[in-house]
There are 2 protein chains.
Amino acid sequence: MSGPHPGLLMFIGARYVEQRINDAVVAAGFEDLTPAMARAAARLREDGIRVTDIAEQARITKQSASALVDQLERCGYVERVPDPADARARLVVLAPRGRAAQAVARREERAVEREWRRHLGAERMAALQDALVALREVTDPYL
Amino acid sequence: MSGPHPGLLMFIGARYVEQRINDAVVAAGFEDLTPAMARAAARLREDGIRVTDIAEQARITKQSASALVDQLERCGYVERVPDPADARARLVVLAPRGRAAQAVARREERAVEREWRRHLGAERMAALQDALVALREVTDPYL
DNA sequence: CATATCAGTCAGGGAAACTGACCAGTCGAG
DNA sequence: CTCGACTGGTCAGTTTCCCTGACTGATATG
């Protein structure tokens with residue numbers, strides 16, 4: 001019919017972005033940051049997040065999330081601080097090193113976006129963004 | 001600026017499709033087919049394919065590809081037959097059970113596409129497809 | 001205050017990928 | 001035609017990532 005399935009095309013695109021960002025972060029000297037750690041770290045907010053929430057958003061068990069946070073903590077990317085609102089919980093917050101790595105990742109993300117825009121033109125890029133956002137209503141149970 | 005990065009949105013969409021297809025295949029009684037096996041099996045062609053080529057296309061090592069084909073073979077989805085053109089090689093071909101599973105997967109794939117088209121409208125769906133195909137020139141080294 | 005719920009850890013296991021070393025068949029150059 | 005380089009594939013061993021199940025301690029609810 002109309003060529004490859006959009007799902008496959010999205011997979012290719014998503015893999016490309018992840019690879020680009022990972023390469024950039026590693027090249028910037030953060031060599032101990034694995035893709036899985038990065039995926040977990042991507043959920044971090046300024047005001048901290050609970051391990052359980054990371055797990056839920058990333059669709060992994062809290063044990064897996066906890067192990068990844070362990071690694072991130074050991075490598076100095078994050079810290080665990082007590083949650084003032086709930087004595088059972090602890091908040092995962094970015095440490096300075098994590099903040100630096102995140103800046104590199106965001107910069108690369110923007111670079112990829114610029115390249116795509118240059119390749120597609122502003123119009124088609126906007127159409128892509130629009131369609132993807134709209135699709136999210138169907139494909140993302142978190143929203 | 002303009003909401004989530006397209007790479008993330010693509011990831012969400014791709015994960016959704018993979019999940020839907022996997023669920024459908026499992027529901028149809030192919031419960032021993034893991035996502036990794038399915039990803040390898042998706043590369044199969046009517047006329048057979050070499051393990052090395054599966055590895056290259058799926059971007060995994062030939063050892064990993066070989067292990068997945070082992071599993072697929074053990075579960076009756078594929079067979080390995082000698083390659084008439086090269087005595088070193090063997091061709092991986094679909095067995096009847098694999099053909100049946102593939103039919104289910106293709107049907108679900110089309111169902112997802114229909115749902116997306118209904119949600120977006122034909123026009124935006126076409127724009128999405130168009131942009132994704134164009135992006136592939138940038139993101140897919142295989143083309 | 002008793003019980004159910006929730007945050008998180010501990011222990012153990014399995015799937016899927018990797019590297020490195022290796023064998024056997026094929027191909028091209030001398 | 002044969003010898004070295006290349007290629008298809010396997011074997012052995014390891015790592016990463018994620019899972020289930022059982023558990024502790026803190027909080028919330030009746």
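Proteins come first, then strands; the chains are lettered A, B, ... in the order of their sequence lines, and each starts at number 1. All figures in this text were calculated on a predicted structure; none of them were measured in a lab.
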A.B. asks: Calculate the interatomic distance between B/Asp53 atom CG and D/dG8 atom P; express it in whole Å.
C.D. replies: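 Rounded to whole Å, this separation is 7 Å.
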A.B. asks: Does B/Glu18 come within less than 4.0 Å of B/Arg39, counting only side-chain N to carboxylate O?
C.D. replies: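 Salt bridge present between B/Glu18 and B/Arg39.
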A.B. asks: Hey, does B/Ser64 reach any base, or is it just sugar-phosphate, or nothing, if we go heavy atoms under 4.0 Å?
C.D. replies: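 Base contact.
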A.B. asks: Rounded to the nearest angstrom, tell me the gap between atom CG in B/Asp32 and atom C1' in C/dG14.
C.D. replies: 16 Å
A.B. asks: Can you measure B/Arg15 atom CZ to D/dC18 atom P for me and round it to whole angstrom units?
C.D. replies: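 Rounded to the whole Å, the gap is 12 Å.
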A.B. asks: Between A/Thr34 and D/dC17, is there a side-chain N or O to OP1/OP2 distance below 4.0 Å?
C.D. replies: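 Answer is yes, contact under 4.0 Å.
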A.B. asks: Is any side-chain N or O of B/Gln63 under 3.5 Å from a base N or O of C/dG20, one able to act as donor and the other as acceptor?
C.D. replies: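 By the distance-only test, yes, there is a pair.
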A.B. asks: Under a 4.0 Å N-O cut-off, is there an ion pair linking A/Glu115 with A/Arg20?
C.D. replies: yes
A.B. asks: Enumerate the residues from residues 69-93 of chain B whose closest heavy atom to DNA chain C is under 4.0 Å, giving them by residue number; use none for an empty result.
C.D. replies: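 Residues of residues 69-93 of chain B that come under 4.0 Å of DNA chain C are, in numerical order, B/Gln71, B/Asp86, B/Ala87, B/Arg88.
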A.B. asks: Answer with base, sugar-phosphate or nothing: what part of the nucleic acid does A/Thr61 contact at a heavy-atom distance below 4.0 Å?
C.D. replies: base
A.B. asks: For the pair made of CD1 in B/Ile54 and C1' in D/dG9, what is the distance, rounded to whole Å?
C.D. replies: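 After rounding, the gap between these two atoms is 12 Å.
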A.B. asks: Using heavy atoms and a sub-4.0 Å distance, could you list which residues of residues 17-27 of chain B are near DNA chain C? By number, please.
C.D. replies: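 When residues 17-27 of chain B is checked for heavy atoms under 4.0 Å from DNA chain C, there are no hits whatsoever.
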A.B. asks: Would you mind reading off the distance between B/Met37 atom CE and C/dG14 atom P, rounded to a whole angstrom?
C.D. replies: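 The answer, rounded to whole Å, is 17 Å.
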A.B. asks: Assess, by modelled atom type and distance only, whether the side chains of B/Gln19 and B/Asp23 contain a donor and an acceptor separated by less than 3.5 Å.
C.D. replies: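 Result is yes, a qualifying pair exists.
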A.B. asks: Please determine whether a side-chain nitrogen of the Lys or Arg among B/Asp86 and B/Arg88 lies less than 4.0 Å from a carboxylate oxygen of the Asp or Glu.
C.D. replies: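 Yes.
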A.B. asks: Between A/Asp140 and B/Tyr16, do the side chains contain an N or O donor and an N or O acceptor separated by less than 3.5 Å?
C.D. replies: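 No.
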